[in-house]
Amino acid sequence: MASTPPHCSITTTKPYQNNPYPQNHLKNHRHTPNPPKYHRPWTPQRFLNRATSPSPSSSSSATRPTRFPSLSPLQTPKSDLSSDFSGRRSTRFVSKMHFGRPKTAMATRHSLVAEDALHHAIQFSGNDEGIHNLILSFESKLCGSDDYTYILRELGNRGEFEKAVRFYEFAVKRERRKNEQGKLASAMISTLGRLGKVGIAKRVFETALADGYGNTVYAFSAIISAYGRSGYYEDAIKVFKSMKSYGLRPNLVTYNAVIDACGKGGMEFKQVAEFFDEMQRNGVQPDRITFNSLLAVCSRGGSWEAARNLFDEMLNRGIEQDIFTYNTLLDAICKGGQMDLAFEILAQMPTKNIMPNVVTYSTVIDGYAKAGRFNDALSLFGEMKYLGIPLDRVSYNTLLSIFAKLGKFEEALDIVKEMASAGIRKDAVTYNALLGGYGKQGRYDEVKSVFAEMKQEHVLPNLLTYSTLIDVYSKGGLYKEAMEIFREFKSVGLRADVVLYSALIDALCKNGLVESAVSLLDEMTKEGISPNVVTYNSMIDSFGRSSTMECLADINEGGASDLEEDESFSSSSTSLSSSNSLPLAVGKVGSLSKLTETEDHQIVKIFGQLVAEGNNRIKKDCKQDMQELSCILEVFHKMHELEIKPNVVTFSAILNACSRCNSFEEASMLLEELRLFDNKVYGVAHGLLMGYRENVWVQAQSLFDEVNAMDGSTASAFYNALTDMLWHFGQKRGAQLVVLEGRRRKVWENVWTDSCLDLHLMSSGAARAMVHAWLLNIRSIVDEGHELPKLLSILTGWGKHSKVMGDGTLRRVVEALLRGMGAPFHVAKSNVGRFISTGSVVEAWLRESGTLKVLVLHDDKHEQTSLPLPL
């Protein structure tokens with residue numbers, strides 16, 4: 001007699017194996033819940049809005065990382081983490097597996113025979129009939145569902161899901177009691193969920209439900225967890241909601257599973273918190289796993305304030321935190337840019353008897369790196385070595401990325417060698433860091449060499465690899481190379497994502513090709529790819545840039561690209577550049593002219609236009625300027641419609657766009673959009689622009705405090721943008737106050753000494769305002785009777801916007817300024833970006849009667865106390 005149903009063969013397709021779900025081989029582990037001691041009423045709004053308490057740190061400020069005096073190098077073992085971390089990308093996964101969590105033995109009622117059967121099953125390597133005979137040989141000896149459940153779980157732990165399915169099919173067929181069948185089904189679903197076999201788990205669940213033994217809380221909880229682990233949160237929610245129709249009440253495990261599923265699916269914290277509220281209304285008390293899952297939601301969204309409040313709530317409820325709690329909290333805080341707070345928490349962990357591990361350090365180091373605080377990141381790396389914590393692949397890649405961004409390629413290559421000696425192979429992340437670093441330094445030969453090596457080492461380039469290369473080549477004006485990379489990208493079967501589209505849109509915008517950028521934005525939307533804030537920032541910053549480009553083209557004779565036009569470009573570039581109207585309804589699918597070309601053809605045409613544009617810039621008329629303004633206004637409206645939250649880069653882009661407006665009326669329209677995004681930024685920008693300097697300066701100081709908490713490049717970009725706008729509209733004294741405030745706050749490092757003014761990180765408006773201020777300072781030295789240095793220098797480098805507006809832009813602006821005021825500086829013979837003069841010559845010029853009048857700046861608009869301040 002057949003021992004299993006005909007449809008349950010391991011070598012044929014089962015009803016629960018024919019499914020549309022891709023398999024996910026990542027395995028996650030969940031630990032025994034720790035029951036809470038008590039419960040307080042809670043609402044998500046409390047986490048989001050209440051003032052943050054001083055915990056987990058009572059320290060008021062943080063300094064740069066130093067060695068923890070309480071730690072000894074011997075306290076942290078060398079550990080066996082290396083193999084776990086060598087190829088892993090998820091810090092969350094490993095932090096669940098190691099450190100800080102008590103290892104409790106699972107209660108088990110299996111027999112010794114079950115262990116013997118498991119051993120034989122693991123050793124077995126025969127065919128389907130052989131595994132069937134093996135199970136038959138143990139049938140009379142195994143003690144019911146407890147033994148089979150043990151075997152299913154242990155086979156799953158070893159990745160032997162096919163053997164586990166055979167044992168399950170055999171056991172559930174033999175078992176006659178519904179409740180025991182339900183236990184087997186729950187164990188099988190849970191095992192398959194851990195292995196990412198969500199499609200098979202779904203069929204097991206549906207079969208169990210149809211046959212009357214799957215309508216248990218445990219089976220529902222298991223399938224919800226399986227869906228969540230594989231990212232199918234909508235399916236998880238549907239199953240959760242269907243429990244009521246079966247007369248089932250979710251328990252703690254169910255709620256934890258659905259909260260975890262929603263978090264992994266990318267749901268907003270407020271939405272996930274609704275399940276948290278519901279569980280408490282139903283008398284189910286949260287535990288550590290509940291809070292850790294909620295913290296993970298905050299981590300994914302960078303909601304550091306909500307994460308910190310959740311952490312405090314755990315303390316208030318008496319729920320013990322573990323290493324995963326701290327690591328996830330730190331991840332959220334780092335993503336929120338609160339690096340001083342992150343360091344405080346890191347320093348406090350040993351006092352809570354929770355030792356930071358490699359995940360902890362990697363998280364904070366990555367946060368420092370993203371904030372541009374590379375010295376602090378490198379200091380923490382030194383701390384890791386001092387404590388004897390071995391670096392993993394993630395740590396090495398982060399360190400490599402830092403050195404690459406700093407242009408320290410010798411150190412970066414040393415890291416690569418150290419990785420090899422530690423037995424860690426370079427992966428796509430390693431190569432991407434090198435490609436991006438070399439690309440930002442304009443070292444394109446090295447970019448090509450590294451990419452070739454990547455292929456030789458059989459490391460498959462991923463989507464980010466191709467996006468990085470296209471971005472690097474596009475920003476360097478190497479559009480032919482970018483097109484070749486794109487063609488290779490398509491040949492391997494990959495589809496463009498938001499990063500790649502944003503890179504292309506950014507390249508178009510920075511070349512003044514706004515209309516083509518808008519068309520590509522529409523194409524992007526039609527492909528089902530949602531633009532993000534980076535995409536829209538490029539669009540906003542593009543306003544007026546083509547006019548600037550055309551002026552520079554007039555200045556630079558023979559400034560055309562030295563790239564020869566490919567034959568494949570000729571027809572496509574003509575068709576794109578011949579359009580005379582700019583679509584106004586940006587982002588509305590179908591609102592732009594319908595594109596008949598495929599996505600691939602469209603992007604190839606864009607590369608063709610970029611090459612052609614380098615050779616033949618077309619001047620715009622006033623009508624096109626107004627169309628461009630309307631286009632940018634539509635971009636703002638689309639951001640509001642899609643609820644895309646702007647960032648400080650958005651504000652800088654708006655201010656930059658204002659500085660390229662032909663009239664104050666146009667700038668006012670853009671500033672009005674700024675008001676809708678952030679009233680505080682609008683109040684400061686508009687107040688300074690209108691001459692309300694005295695009244696608005698206090699609020700400006702508060703805004704500058706917030707900006708200075710960001711990374712250096714973002715902060716300097718904001719100061720540059722605000723100064724450019726003020727200078728452009730004649731508020732030159734206000735512009736000077738802003739740059740001097742930036743200098744006081746060290747936005748630009750080492751910008752000013754008595755003998756040298758370094759302007760190479762400044763925009764044209766900021767640089768001109770700073771030149772006036774520096775020369776006034778030099779004059780005060782002369783007035784006080786002090787001798788000037790023998791040589792005075794003004795450094796411009798190649799200009800902050802050299803990759804955008806043409807080499808030497810800032811140099812020409814400063815040269816024109818110095819010539820206009822009659823300052824006796826000239827270009828150094830050995831450095832065209834450096835202006836020099838002797839101290840004695842400058843001193844004589846400063847003593848001239850008309851010099852002071854030239855140096856002192858004034859505003860075109862002055863404060864009128866009768867006008868209300870627009871805040």
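A quick note: this is a predicted structure, and the numbers were derived from the prediction, not measured. Numbers for residues simply follow the sequence, beginning at 1.
Residues satisfying the ring pair (Phe, Tyr, Trp, His ring centres under 6.0 Å) criterion with Phe835, sequence neighbours excluded, are absent altogether.
The shortest heavy-atom contact between Gly439 and Val472 is CA-CG1, 3.4 Å. Taking all atoms of both residues into account, the shortest heavy-atom contact from Ala433 to Ala404 is O-CB, 3.6 Å. The heavy-atom pair separating Leu655 from Ala685 by the smallest distance is CD2-CB, 3.9 Å. Shortest non-hydrogen contact noted between Asp724 and Ala766 is OD1-N, 3.6 Å. Nearest approach of Ala769 to Leu857, heavy atoms of both residues: CA-CD1, 4.4 Å. Leu670 and Ile654 make their closest contact through O-CG2, 3.8 Å (heavy atoms, listed as atom of the first residue, atom of the second, distance).
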Which is it for Val814 and Ile794 under the side chain to side chain contact (heavy atoms under 4.5 Å, CB included) test, yes or no, and what are the steps along the way?
CA-CA 9 Å; Val814 173; Ile794 299 176; 4.3 Å; yes
Carefully, step by step, assess Arg745 and Glu741 under the rule salt bridge (charged side-chain N to carboxylate O under 4.0 Å, His left out).
CA-CA 6 Å; Arg745 294 171 179 266; Glu741 183 66 21; 2.7 Å; yes
Please assess Asp471 against Ser474 for the test side-chain hydrogen bond (donor to acceptor under 3.5 Å, both in side chains), listing each intermediate value before the final yes or no.
CA-CA 5 Å; Asp471 183 56; Ser474 296; over 6 Å; no
Would you sort out whether Val747 and Phe704 count as a side chain to side chain contact (heavy atoms under 4.5 Å, CB included), showing the intermediate values?
CA-CA 10 Å; Val747 171; Phe704 295 151; over 6 Å; no
Should Val827 and Arg834 be marked as a side chain to side chain contact (heavy atoms under 4.5 Å, CB included) after you check the CA-CA gap, both sets of side-chain angles, and the distance that decides it?
CA-CA 6 Å; Val827 177; Arg834 180 186 183 196; over 6 Å; no
Check against side chain to side chain contact (heavy atoms under 4.5 Å, CB included), Leu689 and Phe664:
CA-CA 10 Å; Leu689 188 59; Phe664 187 81; 3.5 Å; yes
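A salt bridge is absent between Lys408 and Glu411: the closest approach of a Lys/Arg side-chain nitrogen to an acidic carboxylate oxygen does not fall below 4.0 angstrom. With respect to the salt-bridge test (charged N to carboxylate O, under 4.0 angstrom), the residues Arg733 and Asp860 do not qualify. Taking 4.0 Å as the cut-off between side-chain N and carboxylate O, Arg812 and Glu815 do not count as a salt-bridged pair.
At a threshold of 4.5 Å between non-hydrogen side-chain atoms, the residues Glu418 and Asp414 do not count as touching. Under the 4.5 Å side-chain criterion, counting only non-hydrogen atoms from C-beta, Val841 is in contact with Pro824. Leu775 is listed as a side-chain neighbour of Trp845, based on a closest heavy-atom distance under 4.5 Å. Residues Cys658 and Leu671 form a side-chain contact, since some pair of their non-hydrogen atoms from C-beta on lies under 4.5 Å apart. Tyr473 is listed as a side-chain neighbour of Lys448, based on a closest heavy-atom distance under 4.5 Å. Here the side chains of Met690 and Val696 are not in contact, with every heavy-atom distance at 4.5 Å or above. Contact check for His826 versus Arg819: no side-chain heavy atoms found under the 4.5 Å cut-off. Considering only heavy atoms from C-beta on, Thr650 comes within 4.5 Å of Val533 through its side chain.
Annotation for Glu784: atom CD counts as buried by contact number, over 12 foreign heavy atoms lying within 6.0 Å. Environment of CD in Glu848: crowded, with over 12 heavy atoms of neighbouring residues, nucleotides or ligands closer than 6.0 Å.
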Using distance only, find each side-chain donor-acceptor pair of residues 776-783 under 3.5 Å and give its atom names and separation, not counting sequence neighbours.
{"unit_1": "Arg779", "atom_1": "NH1", "unit_2": "Asp783", "atom_2": "OD2", "d": "3.0"}
{"unit_1": "Ser780", "atom_1": "OG", "unit_2": "Asn777", "atom_2": "O", "d": "2.5"}

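No donor-acceptor pair under 3.5 Å is formed between the side chain of Asp376 and the backbone N or O of Tyr368. Between the side chain of Ser652 and the main chain of Val648, a donor-acceptor pair closer than 3.5 Å is present. Under the 3.5 Å distance criterion, the side-chain polar atoms of Thr468 are matched with a main-chain donor or acceptor of Leu464. The closest donor-acceptor contact from the side chain of Asp859 to the backbone of Gly691 lies at 3.5 Å or more, if one exists at all.
Both the sub-6.0 Å distance and the 45° axial angle are not jointly satisfied by Arg743 relative to the ring of Trp748.
Using the six-membered ring where Trp is involved, His772 and Trp727 have ring planes that are tilted, between 30° and 60° apart. Taking the six-membered ring for Trp and thresholds of 30 and 60 degrees, Tyr466 and Phe451 have ring planes more than 60 degrees apart, a perpendicular arrangement.
Expressed to the nearest 0.5 Å, how far OG1 of Thr398 lies from CG of Leu380 amounts to 11.5 Å. Note that OG1 of Thr838 and CD of Glu843 are 10.0 Å apart. Values are rounded to the nearest 0.5 Å. The OG atom of Ser764 sits 7.5 Å away from atom CG of Leu810, with the distance rounded to the nearest 0.5 Å. To the nearest 0.5 Å, atom CG of residue Asn537 and atom CD1 of residue Ile505 are 12.0 Å apart. Atom OG of Ser467 sits about 11.5 Å away from atom OH of Tyr501, to the nearest 0.5 Å. Between atom CD1 of residue Ile365 and atom CZ of residue Arg373 there is a gap of 13.5 Å, rounded to the nearest 0.5 Å.
Inspection of the Arg768 and Gln736 side chains reveals no N or O donor paired with an N or O acceptor under 3.5 Å. Tyr719 and Asn708 share a donor-acceptor pair across their side chains, judged by distance under 3.5 Å alone.
Aromatic pair Tyr438/Phe409: centroids less than 6.0 angstrom apart.
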